[in-house]
Amino acid sequence: MSVRTRYTAAAACAVAMTIAGLGTGFAEEKVKIGFSQGTMESSWRVNMVEGNKKYAEANLPDVDLIVTNGENQASKQVSDVESLISQGVKTLIISPVTADALTPVVKQAMDAGIPVVTLDRKVNTDVTLHIGADNVLIGKTAGEFVCQTLGGKGNVIEIQGTAGASATVDRHDAFHKVLAEKCPDVKVVADQVANYVREPAIKFMEDMLQRFKPGEIQLVYAHNDDMALGAVTALEAANRLSEVKVVGIDGENAAYDAIKAGKMVATFTYHFVAPEGVQYGYKVAKGEKLDKEIVLPTHQVDATNVDDWIGKGF
Ligand code: AHR
C-alpha cells in the first residue's frame, strides 16, 4: 500500500468513526450553555426551564444545556453558578433569585470572559444581555387599574414576591408610586412577602381575614397569579370573596378562568422567557453582537378582554 493510499484510508476511517460518534479527536465539541434557574417552585418557572430545554433539544443539536435549580436560596444559586463556571460554560444564562446576592458571582463570570444573559430578574452589575418583560410598567399599570377599579378610595393588601428580587422591587415601587400620585386615598394597609408561592399566600390571607373585618379590605394586589389564586382560596373559604377584588400577574390559565368567573379582576401577562433564553444564549455563545436588552411585551387581561385569553396562558 502506498503512503498516499494509507493516508486516504486513515482519513476515511476517521470520518466514518466521527459519523458513528466513536470519537476520533476530530468530533466537534458541543457548545456548553449553563442555565441557572433561581427556583422551580412555581409553574411559571417550570415553564421557563422546560420551554428552553425543549427548544434546545429540537433546534440546537450542538448545544449541551446544563440546568441547575437554586431552590429559592441565593447561597445555593451562587454555588450553582460557580460550578457552571468551573465546567467551562460558553454562556451563563441566569434568572437570579435576588439581585444583591447574585451580583458578585455574575461579575466573576463576566470578568472571566463568560457572557451572561439574565432572564426576567436583574442583577446590579453589567451583563451581556437582559431579556424580560418590564416590571416597572406592570407595577405602574396595575396601580392605575387599581385606582380606577376602586374609584380612588379603598384599602389594599399587597402580597409580595421574593424580597430583594428585582421583579418584586419594581412591581412594588412602581405600584406605590402610582397610588401616591394618582389616588392617595387608596392605602396599602398590610403587606407580606410570600416568595411567589401559593401556600404562604393562603396563610397570610387567612391571617388578614382575621385582622380585618368585613368591609375593611377592598382589594388584594399579588405579585403573581399563584399568590393571587391563594388569596382567592382563602377569601372563598371565609365566604368573603364578594367583598374583595383580586389582581395578579403572570397570565396563568387558572387566573384567566378566575377572571371569567368573577373571582379575580385582572392579571398582567408576564413572559417566562422561553424559548428566547436559550435562543439568545446560543447567539451570544456564538459571538453574535446584540442589543443589551430585549423587552418582552405585557398585556392587561380583565373582564373586558378575558375571552381572548382563555386557554392561551400556561
Ligand atoms: O420574577 C418574577 C416571578 O417569578 C414570576 O412572576 C413568578 O411567577 C416567578 O416565580
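We count ligands from 1, going down the list as the structure has it; atoms in each ligand are counted the same way. Quantities reported herein were computed from a predicted structural model and do not represent experimental measurements.
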Quiz item: Of the choices Gln37, Arg45, Glu41, which has the non-hydrogen atom that lies closest to atom 10 (O) of ligand 1?
Solution: Arg45
Quiz item: Would Tyr221 and Val178 show up in the same hydrophobic cluster when neighbours are defined by side-chain heavy atoms closer than 4.5 Å?
Solution: no
Practice problem: Output the distance between atom CG (Asp126) and atom OG1 (Thr103), rounded to the nearest 0.5 Å. | Solution: 11.5 Å
Please indicate whether any nitrogen or oxygen in [X] is less than 3.5 Å from any nitrogen or oxygen in ligand 1.
{"X": "Arg171", "value": "yes"}
{"X": "Trp44", "value": "no"}
{"X": "His223", "value": "no"}

Practice problem: Decide whether Thr39 and Tyr196 meet the rule of one side-chain donor and one side-chain acceptor closer than 3.5 Å. | Solution: no
Quiz item: So, Thr267 versus Asp225: side-chain donor-acceptor pair below 3.5 Å or not?
Solution: yes
Quiz item: Hey, does Gly161 sit under 4.0 Å from ligand 1 if you only count heavy atoms?
Solution: no
Quiz item: Which atoms of ligand 1 are found less than 4.0 Å from any heavy atom of Ala167?
Solution: 1 (O), 2 (C)
Quiz item: Does Ile138 reach the side chain of Gln300, with side-chain heavy atoms less than 4.5 Å apart?
Solution: no
Practice problem: Starting from atom 8 (O) of ligand 1, find the nearest protein heavy-atom neighbour and note its residue, name and distance. | Solution: Asp250 OD2, 2.6 Å
Quiz prompt | atom 2 (C) of ligand 1 [closest protein heavy-atom partner, distance rounded to 0.1 Å] | solution = Asp120 OD1, 3.1 Å
Quiz item: Is Gln77 reaching over with its side chain to a backbone N or O of Val97, donor-acceptor style, under 3.5 angstrom?
Solution: yes
